[in-house]
Amino acid sequence: MNIKEALTQIVSSAFSQCGYEARLGGVAESARPDLCQYQCNGALAAAKQAKKKPIIIAEEITSCLENDDRFSKIETAPPGFINITLSDKYLAGLLNTMSGDSRLGIRKAEVKTVVVDYGGPNVAKPLHVGHLRSAIIGQSLCNLARFLGYNVISDVHLGDWGLQMGLVISEVELRQPNLPYFNAEYNGEYPKEPPITEEELSEIYPAAASRAKTYSEFAARASRATVELQDGLPGYRKLWEHIREISISSLKRDYSRLGVSFDKWLGESDAGKYVPKVLGLLDEKGLLADSDGAKVVEVALAEDREPMPPMIVVKSDGGDNYAITDLASLLQRRSDWNPDECWYIVDNRQTLHFKQVFRAACLAGLFTQSQCTHYGFGTMNGKDGKPYKTRDGGVMRLSELIASVTASARAKVELSSVEMSEQEMADAARQIGVAALKVGDMINHRSKDYIFDIERFLATDGRTGPYLQYTTVRIRSVLKKAEASGFIPGEILAPQSQTERALGLALLTLPDTLSRALNEKAPNIICEAMFSIAGELNRFYFENKIISCPDSSIRSSWLGLLDLTRKALELLLGIIGIEVPRSM
RNA sequence: GCGCCAAUAGCUCAGCUGGAUAGAGCAUCGCCCUUCUAAGGCGAGGGUCCGGGGUUCGAAUCCCUGUUGGCGUACCA
């Protein structure tokens, strides 16, 4: 049950009972925990229309509710606040209900089919730090939406169809011109084995890109190769398949290290099949126009404040660009899956691009504007505030980054006073390193740039991934020791102390936390909630010696509270994609 | 040039429909382990919420304006 919604319902009905609009009864967590647990400010808002002092209205509402035994206190405060405190017995009842439910009282949202487009790796180059945010934020949102009952289809949307492919192909051709892929006369079988290795591939793309910058001849050749590939030239097609194959296996390996996976490994190339159809749709509606040899769609609206350039859908060389492949992907998604919504978890810098694509999709009749949304994210910057780079100024590979945080985490694990086997240490190092990365990222609001500082993310104190893991490990350890003494979690009793009450209240926010996080597509809301629960737990833990508590009913109640806290943290950590080490 | 976004404690960041005394973590200073994992907990100091107008009973939050920074601005993705 969502406690805020439940209280809102109670107070709203009091408002309508007293002759005011029900919508005034919104209840929020209190801004003054010293005075109350929840508050409603509706009386303040009602005052003007009712032509009454807010405090009078507030009193009417409270007098309507004061005999409700779910509240230990419901009172007014000037100028018109309604302050609510739950009775301890009611609170304990809610916690027991939560604890007895496999979903911790979190009901599913409406059923919707959603396509989530994230990851967006380029097959020509290895994953680098720039891909981190899309992967972990996208994965968290998928996990969250699934838990809340959505039918989620995640699609990595490979960058495997643009100019980068022409560049790689032309570079390979330049280096190994005798390969059969480049012989137009060749009609034998192409080799089974790729002509290049994964390592070579990662070197080839930057080499080709810089060659194209220097030699316009090479650049022209690459864009010609791109068009030929897109037109289905067999040799290029075969070579391209090899490149894709090499790349996908390396991508899967890197993503799996982050706990990220996709339902669909489709790419721009798969959208390629739909390009003619989309162009047909646009043409039918008279939306295509010529402009400097390219075909464009006018997407500007009269009411736009910002200038909106027309969207190029066919380049002047006849090739597909990412505007048309994104549009074609939307057609593919509609035909194959008919989703209610499409979410794009892509860098903020592509805001304009997605505005154009969604408008074009709307004009073509594929989706309505509100069905497609770009949930952008900010840049990961170094401590200097500029985009994160390695010491020598290059872009850091994701695999390198993960190796480096794992090594740092390993050093901390070795300092631990807890005895661990080699395997346990290795697992813990990996899990802690990844948790540090993920929390360091997702504690920040998605849409903002943030400073990447791995030392801080891995620090032994602070709001870090390791802190959350440590708290969970601690709870598990106590529960295990208690069980060894024959003590098991029991019914949660009315709280005896402020810290115990505060922990209970923090746990009650769970349903609201998840629904807000889903509404806003904001994993930081989940992180905030985890820190608040973990903080309350650690205070409670410090104040109370649980296992040695002489009163057996209090002890089993405390264990019940601990167990519920464990389940709550495990649920939230799971959504964010964080594993908890066996010990640390 | 035009447009989009941001600016909150020394640092890194939260701040949900406009509400009471703007919150965390780090850093600084001072405490708490013979007892369940001290990678923990408690306390103290630290703020012109970028500046200026406005709307409102009430503004970090909404509107206008200025400053600073980031990004985008058709044939890369």
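First the proteins, then the strands, lettered A, B, ... as listed; each starts at 1.
Look at CG on Leu44(A): it is 10 Å from P on A20(B), rounded to the nearest Å. Atom pair Gln498(A):CD and C42(B):P shows a separation of 13 Å (rounding to whole Å applied). U37(B) atom P lies 13 Å from atom CG of Leu537(A), rounded to whole Å. The distance between atom CZ of Phe542(A) and atom P of C31(B), rounded to the nearest whole Å, is 15 Å. When the P atom of A27(B) is taken as reference, atom CG of Asp453(A) falls 12 Å away, rounded to whole Å. For Glu5(A) and C16(B), the CD to P distance is 18 Å, given to the nearest whole Å. For the pair Met420(A) CE and A39(B) C1', the interatomic distance rounds to 11 Å; values are reported in whole Å. For Asp304(A) and C4(B), the CG to P distance is 10 Å, given to the nearest whole Å.
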Applying salt bridge (Lys or Arg N to Asp or Glu O under 4.0 Å) to Arg476(A) and Glu570(A), what does each step give before you reach the verdict?
CA-CA 11 Å; Arg476(A) 286 180 179 173; Glu570(A) 286 172 355; 2.9 Å; yes
Let's go through Asp320(A) and Trp161(A) carefully: what are the C-alpha distance in whole Å and the side-chain angles of both, what is the deciding distance for side chain to side chain donor-acceptor pair (under 3.5 Å) to 0.1 Å, and is it a yes or a no?
CA-CA 8 Å; Asp320(A) 302 341; Trp161(A) 205 232; 3.2 Å; yes
Assess the residue pair Gln498(A) and Arg501(A) against the criterion (side chain to side chain donor-acceptor pair (under 3.5 Å)); give the C-alpha distance rounded to whole Å, side-chain angles, the decisive distance to 0.1 Å, and a yes or no.
CA-CA 5 Å; Gln498(A) 199 47 48; Arg501(A) 196 172 289 120; 2.8 Å; yes
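Taking only distance into account, the side chain of Asn83(A) meets the base of A20(B) through a donor-acceptor pair shorter than 3.5 Å.
Nucleic acid contact for Ala482(A): none, since no nucleic acid atom lies under 4.0 Å from a heavy atom of the residue. Across all strands shown, Lys545(A) has heavy atoms under 4.0 Å from base atoms, whether or not it also approaches the sugar-phosphate. Counting any heavy atom pair closer than 4.0 Å across all strands shown, Asp34(A) reaches a base atom. Contact annotation for Ala459(A): no contact, since no heavy-atom pair falls under 4.0 Å across all strands. Residue Leu479(A) is out of contact with every strand shown, counting any heavy-atom pair closer than 4.0 Å. Across all strands shown, Ser477(A) has heavy atoms under 4.0 Å from base atoms, whether or not it also approaches the sugar-phosphate.
The cationic group of Arg474(A) lies under 6.0 Å from the six-membered ring centre of Tyr541(A) and within 45° of the ring axis, placing it in a cation-pi geometry.
To the nearest whole angstrom, the two P atoms, one in G45(B) and one in G3(B), are 47 Å apart. As rounded to the nearest Å, C76(B) and U8(B) have P atoms that lie 38 Å from one another. The separation of G46(B) from U12(B), taken at their C1' atoms, amounts to 16 Å, rounded to a whole angstrom. Using C1' as the reference atom, G18(B) and C63(B) are 13 Å apart when rounded to the nearest Å. Nucleotides A6(B) and C33(B) place their C1' atoms 45 Å apart, quoted to the nearest Å. Taking the C1' atoms as reference points, G25(B) lies 27 Å from U68(B), given to the whole Å. Between U48(B) and A22(B), the distance separating the two C1' atoms is 14 Å to the nearest Å. Here the separation of A59(B) from G15(B), taken at their C1' atoms, is 14 Å to the nearest Å.
Under 4.0 Å is where a charged nitrogen must lie from a carboxylate oxygen, and between Arg221(A) and Glu171(A) no such pair does. We find that Asp304(A) and Arg359(A) are joined by a salt bridge, their nearest charged nitrogen and carboxylate oxygen being less than 4.0 Å apart. Electrostatic pairing of Arg349(A) and Asp347(A) counts as a salt bridge here, judged by a charged N lying under 4.0 Å from a carboxylate O. Taking the charged nitrogens against the carboxylate oxygens, Asp441(A) and Arg133(A) do have a contact shorter than 4.0 Å, which makes a salt bridge. A salt bridge links Glu414(A) to Arg410(A): one of the charged nitrogens lies within less than 4.0 Å of a carboxylate oxygen. Contact check on Glu543(A) versus Arg539(A) returns no salt bridge, with no Lys/Arg side-chain nitrogen under 4.0 Å from an Asp/Glu carboxylate oxygen. Classification of Arg430(A) and Glu579(A) as a salt-bridged pair holds, one side-chain N sitting under 4.0 Å from a carboxylate O.
Taking side-chain N and O atoms only, Tyr541(A) has a distance below 4.0 Å to OP1 or OP2 of A38(B). In this model, the phosphate group of C42(B) is approached by a side-chain N or O of Arg539(A) to a distance below 4.0 Å at OP1 or OP2. Taking side-chain N and O atoms only, Tyr467(A) has a distance below 4.0 Å to OP1 or OP2 of G41(B).
Note: Tyr344(A) and Phe354(A) have tilted aromatic rings, judged against thresholds of 30 and 60 degrees for the angle between ring planes.
Nearest nucleotide to the side chain of Asp461(A), out of C36(B), C26(B), A20(B): C26(B).
Thr325(A) places a side-chain N or O within donor-acceptor distance of the main-chain N or O of Asn321(A), the cut-off being under 3.5 Å.
Across all strands shown, A22(B) has no partner, as no Watson-Crick or G-U wobble contact with both distances under 3.5 Å is found. For A7(B), the paired nucleotide is U67(B), the pair qualifying as Watson-Crick or G-U wobble because both relevant distances are below 3.5 Å. Pairing partner, C33(B): none, since no Watson-Crick or wobble contact has both distances short of 3.5 Å. Pair assignment for A44(B): U28(B), on the basis of Watson-Crick or G-U wobble contacts that are both within less than 3.5 Å. Pair assignment for C2(B): G72(B), on the basis of Watson-Crick or G-U wobble contacts that are both within less than 3.5 Å.
Of the two residues contacting RNA chain B, namely Ser30(A) and Phe540(A), the nearest-nucleotide position lying further toward the 5' end is that of Ser30(A).
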Readout for nucleotides 72-77 of chain B: B = base within 4.0 Å of protein heavy atom, S = sugar-phosphate only, - = neither; 5' to 3' it is S-BBSB
What one-letter contact string describes nucleotides 5-15 of chain B from 5' to 3', where B marks a base within less than 4.0 Å of any protein heavy atom, S marks contact via sugar-phosphate atoms alone, and - marks no contact?
--S----SSSS
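Ring-base stacking between Phe81(A) and G19(B) is not satisfied when judged by a centre separation under 5.5 Å and a plane angle under 30°.
Base orientation for C33(B): syn, the chi torsion being within 90° of 0.
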